[in-house]
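What follows is a single structure, written as structure tokens, with notes after it.
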Amino acid sequence: MKVTLSALDTYETSFTPLVVIELAQDVKEETKEWLKNRIIAKKKDGGAQLLFRPLLNKYEKETLENQNLYLVGASNIRLLLGAEALGLVKECNDNTMRAFTYGSRQNFKGFDDNNDDFLTMAECQFIIKHELENLRARDEKMIPGYPQAKLYPGKSLLRRLITSGVVIQVFPLHDNEALKKLEDTWYTRLTLKYQPIDNIRGYFGETIALYFGFLEYFTFALIPMAVIGLPYYVFVWEDYDKYVIFASFNLIWSTVILEVWKRGCATMTYRWGTLVMKRHFEEPRPGFHGVLGINPVTGREEPLYPSYKRQMRIYLVSLPFVCLCLYFSLYVMMIYFDMEDWALGLHENSESEWTSVLLYVPSIIYAIVIEIMNRLYRYAAEFLTSWENHRLESAYQNHLILKVLVFNFLNCFASLFYIAFVLRDMKLLRQSLATLLITSQILNQIVESFLPYWLQKKHGVQVKRKLQALKADIDATLYEQVILEKEMGTYLGTFDDYLELFLQFGYVSLFSCVYPLAAAFAVLNNFTEVNSDALKMCRVFKRPFSEPSANIGVWQLAFETMSVISVVTNCALIGMSPQVNALFPDSKADLILIVVAVEHALLALKFILAFAIPDKPRHIQMKLARLEFESLEALKQQQLKLVAENLKEEAGVGGKEKSA
């Protein structure tokens with residue numbers, strides 16, 4: 001029997017809460033009632049057809065603090081129909097990956113009408129988020145109780161409620177039992193083992209699982225560099241001509257690991273179903289504003305903003321501001337070199353143990369200043385990118401990433417390039433590189449994980465004391481969980497995590513022939529990074545909504561660009577070494593030509609390797625080709641069926657005309 005959305009009941013009082021909606025304390029009752037009715041209303045009436053109830057009943061509100069917190073869930077059938085609407089891809093009994101349909105649900109591996117675990121909790125929460133975001137205004141002109149919050153047909157209600165301050169936040173709840181199991185297999189036991197990537201994906205979704213998969217892969221890929229670099233560091237410190245082999249290996253290594261990652265990523269995302277998941281039409285981002293008009297593609301009424309105005313904002317305001325920040329970064333860099341000269345002069349005048357230690361102080365201070373400037377600039381970049389008023393979230397993210405990458409690259413590496421190619425002081429270059437790398441790693445561990453975890457633990461103790469003081473005669477377990485989680489910080493995505501790995505990759509690859517020990521420090525840091533990031537995801541931040549992803553996106557291009565730059569810098573550094581210069585005492589032009597020729601040859605080898613290694617394994621290519629063939633055949637059969645029905649109708653009409 002075909003199940004339709006109109007047949008589902010949305011008035012269940014007992015259900016598994018998946019998502020929490022927090023309203024402002026002064027929200028009017030008519031607004032609450034309107035929002036509730038829109039959430040539980042049937043789809044044909046413009047609702048989301050979800051389950052909805054307040055966290056506290058009337059008695060509990062009198063006993064505990066009156067919080068405007070509401071729980072949202074859905075029946076199993078509603079979630080399955082939502083999975084079909086979203087085009088979630090699942091594995092079939094014949095081991096192929098296909099878009100899930102409720103009508104053919106028995107053909108999918110692991111499906112049972114008596115069990116509710118066919119969809120992961122992350123997928124269920126993603127479905128509810130999608131349904132809430134797709135609640136759209138119909139004939140309402142404003143949010144009830146808030147005449148200043150205007151609405152227009154097709155406007156996302158949830159986004160309008162958030163921008164109007166009616167809804168404070170919407171977040172998915174943790175499943176404490178599943179979280180404990182995940183923690184036990186992930187980071188609570190300090191042993192060298194692979195991460196449970198599939199379990200991470202089931203709990204947090206594909207985007208976060210891909211980050212942890214890349215972090216693990218990158219860490220293991222660094223081990224050969226660390227093992228080979230260690231003897232170079234110990235035995236041949238000053239013999240730069242012997243670093244040619246190490247630098248060449250580094251360049252080939254950086255290409256191969258990125259290409260092999262693409263293959264591993266394709267295998268993972270095919271298994272998860274996101275590699276073959278169809279892209280949906282991208283809606284305007286929440287912060288997008290403009291004059292109301294008709295979108296020529298969708299036919300919907302939505303804000304329209306002229307692209308020339310956006311371009312003017314980018315080129316007349318954002319670009320000059322970024323250039324000004326880059327100039328300021330270089331100015332701070334020159335102050336750092338003045339400090340280095342002062343420390344060196346002091347050490348030369350009175351050599352002692354404390355002046356030897358003082359030689360490292362300017363680099364440490366500069367490393368801390370770099371981290372502070374990176375974080376301050378990030379806020380400015382976010383404000384500017386938002387002010388540019390990009391229509392799509394993808395465009396917003398691309399412009400933000402470009403701004404941040406350009407500044408972070410210059411801010412972190414400008415001093416190293418200056419030391420290497422202007423001052424030509426290799427001893428200072430090694431010292432600065434080591435100090436910047438180690439200091440930035442320590443600061444990131446403290447600021448991103450341990451400090452937030454300590455603050456969160458402190459807040460958790462305060463909440464538990466408050467609940468014990470109330471002595472309420474109710475089961476406050478769920479209440480306590482929601483109150484704790486709503487006060488947690490919001491995880492803003494994998495941007496900062498990938499940025500940290502990107503900068504680390506730069507430290508390792510750009511100047512490998514000068515400081516081969518960088519890879520060893522990176523490996524040590526990343527083994528702790530896996531655990532600290534896992535702790536951060538499980539205990540510091542709210543659970544983020546799952547986001548389907550097929551790859552690591554623009555970061556793949558960023559890492560590949562860094563590996564190309566590393567070819568140029570390593571070739572230039574080797575060409576500048578005294579041993580190589582001694583081979584061309586009379587003609588520097590010949591030396592330059594040979595270095596450029598070697599650099600071009602290595603770049604050519606790099607691109608040949610990238611071309612020769614397929615992005616997807618052969619068996620994945622065959623499965624994708626098979627799916628495409630079957631889709632085309634199904635479309636052809638559907639068209640033939642329509643043609644046959646039309647011919648049959650025409651033949652019937654013709655027969656009636658003849659008989660008449």
Side-chain angles (χ1 to χ4, degrees), residues 190-194 214-258 260-261 356-357 359-360 363-364 367 412-413 416 419-420 425-445 500-532 559 562-563 565-567 569-580 602 605-606 609:
L190 297 176
T191 56
L192 291 176
K193 62 182 185 301
Y194 289 107
F214 182 74
L215 173 59
E216 178 181 87
Y217 171 82
F218 183 57
T219 302
F220 281 107
L222 281 169
I223 291 176
M225 286 291 295
V227 171
I228 296 172
L230 197 60
Y232 273 90
Y233 177 83
V234 174
F235 299 114
V236 287
W237 180 269
E238 297 294 344
D239 297 332
Y240 293 107
D241 56 329
K242 296 181 181 178
Y243 281 109
V244 174
I245 298 174
F246 178 73
S248 301
F249 173 79
N250 181 4
L251 303 177
I252 296 171
W253 164 85
S254 64
T255 303
V256 171
I257 65 162
L258 293 174
V260 172
W261 161 252
S356 299
V357 174
L359 288 174
Y360 291 91
S363 296
I364 294 173
C412 293
F413 300 120
L416 301 178
I419 295 169
D425 187 341
M426 297 304 148
K427 185 178 180 181
L428 179 59
L429 179 60
R430 284 194 298 272
Q431 175 190 311
S432 299
L433 179 57
T435 308
L436 289 174
L437 176 62
I438 296 169
T439 306
S440 65
Q441 289 176 346
I442 293 172
L443 287 175
N444 283 324
Q445 295 281 7
E500 187 179 341
L501 288 180
F502 171 78
L503 296 175
Q504 185 188 86
F505 182 66
Y507 285 126
V508 171
S509 61
L510 287 177
F511 305 99
S512 60
C513 63
V514 173
Y515 192 65
L517 206 59
F521 281 118
V523 169
L524 293 174
N525 173 79
N526 288 359
F527 276 123
T528 59
E529 183 81 17
V530 168
N531 293 311
S532 63
F559 277 87
M562 181 69 83
S563 68
I565 297 173
S566 70
V567 173
T569 56
N570 279 281
C571 287
L573 285 171
I574 291 171
M576 288 166 48
S577 67
Q579 292 83 0
V580 175
L602 288 172
L605 176 62
K606 183 178 180 62
L609 284 171

Quiz item: When the ring planes of W261 and F214 are compared, do they come out parallel, tilted or perpendicular, using 30° and 60° as the limits?
Solution: perpendicular
Quiz item: Side chains of L510 and M562: closer than 4.5 Å at any heavy-atom pair?
Solution: yes
Quiz item: Is there a side-chain contact between S509 and M225 (heavy atoms, below 4.5 Å)?
Solution: no
Quiz item: When the aromatic ring centroids of Y507 and F521 are compared, is their separation below 6.0 Å?
Solution: no
Quiz prompt | Exercise: identify the closest heavy-atom pair between I419 and S432 | solution = CD1-OG, 3.4 Å
Quiz item: Can you tell if the side chain of Q504 reaches within under 4.5 Å of the side chain of L222, non-hydrogen atoms only?
Solution: yes
Quiz item: Any side-chain heavy-atom pair from S563 and L258 closer than 4.5 angstrom?
Solution: yes
Exercise. Report the distance from atom CD1 of I223 to atom CD1 of I228, rounding to the nearest 0.5 Å.
Key: 12.0 Å
Practice problem: Give, for atom CZ of R430 and atom CG of L433, the distance between the pair rounded to the nearest 0.5 Å. | Solution: 10.5 Å
Quiz item: Got T439 and L443 here, is their nearest side-chain heavy-atom distance under 4.5 Å?
Solution: yes
Quiz item: Which word best sums up how the rings of F505 and W253 line up, parallel for under 30°, tilted for 30 to 60°, or perpendicular for over 60°?
Solution: tilted
Exercise. Given side chain to side chain contact (heavy atoms under 4.5 Å, CB included), test N444 with N525 step by step and report yes or no.
Key: CA-CA 10 Å; N444 283 324; N525 173 79; over 6 Å; no
Quiz prompt | Non-hydrogen atoms of F218 and N526 that approach each other most closely | solution = CD2-ND2, 3.8 Å
Exercise. Would you mind reporting whether Q441 and E500 have side-chain heavy atoms less than 4.5 Å apart?
Key: no
Quiz item: Y217 and Y194: aromatic ring centres closer than 6.0 Å?
Solution: no
Practice problem: Under the side chain to side chain contact (heavy atoms under 4.5 Å, CB included) rule, what do V508 and L437 come out as? Steps first, then yes or no, please. | Solution: CA-CA 9 Å; V508 171; L437 176 62; 5.6 Å; no
Self-check item: C412 versus L436, closest heavy-atom pair with distance
Solution: O-CD1, 3.9 Å
Self-check item: OH (Y360) with more than 12 external heavy atoms under 6.0 Å
Solution: no
Exercise. Please confirm whether the backbone N or O of L428 pairs with a side-chain atom of D425, one donor and one acceptor, at under 3.5 Å?
Key: yes
